[in-house]
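For reference, the structure discussed in these notes is given below.
Per chain, numbering begins at 1; letters A, B, ... match sequence-line order.
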Number of protein chains: 2
Amino acid sequence: MSAPTQNSNERLLTPGEVAALFRVDPKTVTRWASAGRIGSIRTPGGHRRFRESEVRGMLADLTSEATIGAQRH
Amino acid sequence: MSAPTQNSNERLLTPGEVAALFRVDPKTVTRWASAGRIGSIRTPGGHRRFRESEVRGMLADLTSEATIGAQRH
DNA sequence: TTACAATAGGGTAATTTGGGGA
DNA sequence: AGTGTCCAAATTACCCTATTGT
């Protein structure tokens, strides 16, 4: 079965938790969702939740390691 | 084995904060990241974040004190 | 139901980005 | 080679009040 959209057994993160991972303001995470840069799920009350796997994946993709090992001039 | 991208529970610093620690212009920190001298994490919007542990490590490395002379104060 | 922290909105500063040039 | 500065555009942070989550 191909399940592009993960089933329910997926941990959800709050805007505040996602914001902490990226070191941004929770409002910024909301803006990402509105802009379609990140998938979001709305609670019946209108609050947003984010898939942890998607967030972790984005974080990994956007991470760059240093390619030069502490050089000394 | 692979733990290249250290997951969360890692404090991140903004370009301005790193610049303040090194007493350089934020743009200079950006150049370090572009040159691969320091690892970086981009927000979906393109802004950079830096690992505090890596920054502290760099600070410690380039902190060299006089090895001879200047005894006393 | 009450109390309180977090979030959703909208507006307005502050920061960051990228390029070019000193 | 490495930094600091100027610029315009984009992104993010902080302000507020009302609503939602626990």
Query raised in the report: Touch check for A:R48, heavy atoms < 4.0 angstrom, all strands: base, sugar-phosphate only, or nothing?
Result: sugar-phosphate
Requested in this report: Let me know the distance between CD of B:E17 and C1' of D:dA13, rounded to the nearest Å.
Outcome: 12 Å
Report summary line: One should read off an interatomic distance between B:S53 OG and B:L13 CG, to the nearest 0.5 angstrom, of 9.0 Å
Query raised in the report: Mind checking what makes side-chain hydrogen bond (donor to acceptor under 3.5 Å, both in side chains) contact with A:R23, not counting sequence neighbours?
Result: B:E17
Query raised in the report: Hey, which of these two, B:R31 or A:R37, hits DNA chain D nearer its 5' end, going by closest nucleotide?
Result: B:R31
**Report entry** Point-to-point distance, once rounded to the nearest 0.5 Å, from OG1 of B:T43 to CG of A:L59
**Finding:** 11.0 Å
Query raised in the report: Is a donor-acceptor contact shorter than 3.5 angstrom present between the side chain of B:K27 and the base of D:dG2?
Result: no
Query raised in the report: Between A:R42 (CZ) and C:dA6 (C1'), how many Å, whole number?
Result: 14 Å
**Report entry** Interatomic distance, B:I41 CD1 vs D:dT11 C1' [rounded to whole Å]
**Finding:** 18 Å
Query raised in the report: Whole-Å distance between C:dT15 C1' and A:F22 CZ?
Result: 19 Å
Query raised in the report: Roughly, in whole Å, what's the span from CG in A:D25 to C1' in C:dA8?
Result: 12 Å
Report task. Just name whichever nucleotide pairs with C:dA22, Watson-Crick or G-U, keeping both distances under 3.5 Å, else none. Result -> D:dT3
**Report entry** Pairs meeting criterion ring-ring contact (aromatic ring centres under 6.0 Å, His included) with involvement of residues 11-46 of chain B, two or more places apart
**Finding:** B:F22-B:W32
Query raised in the report: Is a side-chain N or O of A:T28 found less than 3.5 angstrom from the main chain of A:V24, in a donor-acceptor match?
Result: no
Report task. Would you tell me if any nitrogen or oxygen in the side chain of A:T30 comes within less than 4.0 Å of OP1 or OP2 on C:dA8? Result -> yes
Query - All ring pair (Phe, Tyr, Trp, His ring centres under 6.0 Å) counterparts of B:F50, not counting sequence neighbours - result: none
Query raised in the report: Run the side chain to side chain contact (heavy atoms under 4.5 Å, CB included) check on A:D25 and A:T30 step by step: do they pass?
Result: CA-CA 9 Å; A:D25 193 271; A:T30 293; over 6 Å; no
Query raised in the report: To 10°, what angle do the rotation axes through the five end pairs on each side of the helix from C:dA3-D:dT22 to C:dG19-D:dC6 form?
Result: 60°
**Report entry** With sequence neighbours excluded, residues passing side-chain hydrogen bond (donor to acceptor under 3.5 Å, both in side chains) with A:E54
**Finding:** none
**Report entry** Side-chain touch A:I41/A:R51, heavy atoms, less than 4.5 angstrom
**Finding:** yes
With 3.5 Å as the limit, what N/O pairs link the protein to nucleotides 20-22 of chain D?
residue: D:dT20; atom: O4'; partner: A:H47; partner atom: NE2; Å: 3.3
residue: D:dG21; atom: OP1; partner: A:T43; partner atom: OG1; Å: 3.0
residue: D:dG21; atom: OP1; partner: A:G45; partner atom: N; Å: 3.3

**Report entry** Any B:W32 side-chain nitrogen or oxygen under 4.0 Å from OP1 or OP2 of D:dT3
**Finding:** yes
Query raised in the report: In whole Å, what is the span from the CG atom of B:L13 to the P atom of D:dA13?
Result: 14 Å
